[in-house]
Amino acid sequence: MSDLIDLRDRMRQFTEARDWAQFHDPKSLILALVGEVGELAELFQWLPADTAADRAHDDPLHSRVSDELADVLLYLVRLADVLDIDLGEAASRKLRGSSLRFPPEQVRGQAPEKR
């Protein structure tokens, strides 16, 4: 998880150098994150589901997807930092819980149901 810590620290430096922390309240960061997810979704919106992954491997789509995923990650890391959440630990905890909630022998090949 040291990559996430390094990314968080680099985002802090980037933000501080520009005096942008004043704009990084949770609501604003969440709206920016949603906007970036929307831009990512737009790239796939009209692609047939059965060919989307293959098409996303080729440029120019691959480069555009890469950029949008990076934007999503950067805003997510910044939001977690502002909210004092260890994103790596939170993700690990969530994955452990999901492993217990969805045992492979019970859900293999099935979409999970909402509970």
Side-chain angles (χ1 to χ4, degrees):
M1 298 299 170
S2 63
D3 289 344
L4 281 177
I5 292 168
D6 179 57
L7 191 56
R8 179 205 63 197
D9 292 347
R10 290 172 48 209
M11 284 295 298
R12 282 180 184 172
Q13 293 169 353
F14 180 88
T15 299
E16 289 169 8
R18 289 154 182 81
D19 191 28
W20 285 355
Q22 62 183 318
F23 308 116
H24 289 183
D25 60 275
K27 183 194 86 159
S28 295
L29 289 169
I30 289 167
L31 290 174
L33 179 59
V34 167
E36 295 301 337
V37 169
E39 290 180 22
L40 177 61
E42 183 181 25
L43 296 175
F44 288 90
Q45 184 173 6
W46 302 115
L47 295 180
D50 60 340
T51 64
D54 289 335
R55 290 185 184 192
H57 283 96
D58 298 325
D59 277 323
L61 183 58
H62 188 266
S63 294
R64 294 180 66 200
V65 168
S66 176
D67 287 345
E68 295 308 332
L69 284 171
D71 287 340
V72 168
L73 178 61
L74 292 170
Y75 276 118
L76 184 62
V77 166
R78 184 68 183 137
L79 177 61
D81 188 24
V82 166
L83 295 175
D84 197 27
I85 293 172
D86 182 328
L87 197 54
E89 175 54 35
S92 293
R93 186 174 55 251
K94 184 69 174 183
L95 186 56
R96 282 192 303 273
S98 293
S99 294
L100 295 172
R101 187 172 168 199
F102 303 108
E105 62 277 359
Q106 293 179 12
V107 299
R108 186 178 313 280
Q110 300 174 34
E113 294 180 16
K114 281 284 192 185
R115 296 182 197 186

Would you give me the side-chain donor-acceptor pairs under 3.5 Å for residues 51-61, sequence neighbours excluded?
{"from": "T51", "atom 1": "OG1", "to": "P48", "atom 2": "O", "distance (Å)": "3.3"}
{"from": "T51", "atom 1": "OG1", "to": "R55", "atom 2": "NE", "distance (Å)": "3.4"}
{"from": "H57", "atom 1": "ND1", "to": "A53", "atom 2": "O", "distance (Å)": "2.7"}
{"from": "D59", "atom 1": "OD1", "to": "S63", "atom 2": "N", "distance (Å)": "2.9"}
{"from": "D59", "atom 1": "OD1", "to": "S63", "atom 2": "OG", "distance (Å)": "2.6"}

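- I85 and L79 fall within the same hydrophobic cluster, defined by Ile, Leu, Val, Met, Phe, Trp and Tyr side-chain heavy atoms under 4.5 Å apart, directly or through other members.
- With a 4.5 Å cut-off on side-chain heavy atoms, L100 and R96 do not count as touching.
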Item to check | CA sep, side-chain torsions, deciding dist, call: L4, V77, side chain to side chain contact (heavy atoms under 4.5 Å, CB included) | outcome: CA-CA 8 Å; L4 281 177; V77 166; 4.1 Å; yes
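- Side-chain contact between E68 and R64 is absent, with no heavy-atom pair separated by less than 4.5 Å.
- Using modelled atom types, no side-chain atom of S66 and backbone atom of H62 make a donor-acceptor pair closer than 3.5 Å.
- Hydrophobic clustering, with ILVMFWY side chains joined whenever heavy atoms are under 4.5 angstrom apart, keeps Y75 apart from V65.
- Taking the ring axis of F14 as reference, the NZ or CZ atom of R18 stays within 45° of it and closer than 6.0 Å to the ring centre.
- To the nearest 0.5 Å, atom CD of residue Q22 and atom OG of residue S28 are 11.0 Å apart.
- Across all their heavy atoms, L74 and M11 have their closest contact at CD2-SD, 3.5 Å.
- Within the model, atoms CG of D86 and CD1 of I5 stand 6.5 Å from one another, a figure rounded to the nearest 0.5 Å.
- Of all the heavy atoms in P26 and L83, the pair that sits closest is CG-CD2, 3.6 Å.
- A salt bridge links D81 with R78: the distance from a Lys NZ or Arg NE/NH1/NH2 to an Asp or Glu carboxylate oxygen falls below 4.0 Å.
- Under a cut-off of 6.0 angstrom, the local environment of CZ in R8 is crowded, with over 12 non-hydrogen atoms contributed by other residues, nucleotides or ligands.
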What pairs of donor and acceptor atoms, side-chain ones from residues 29-47 against any protein atom, are under 3.5 angstrom apart with sequence neighbours left out?
none

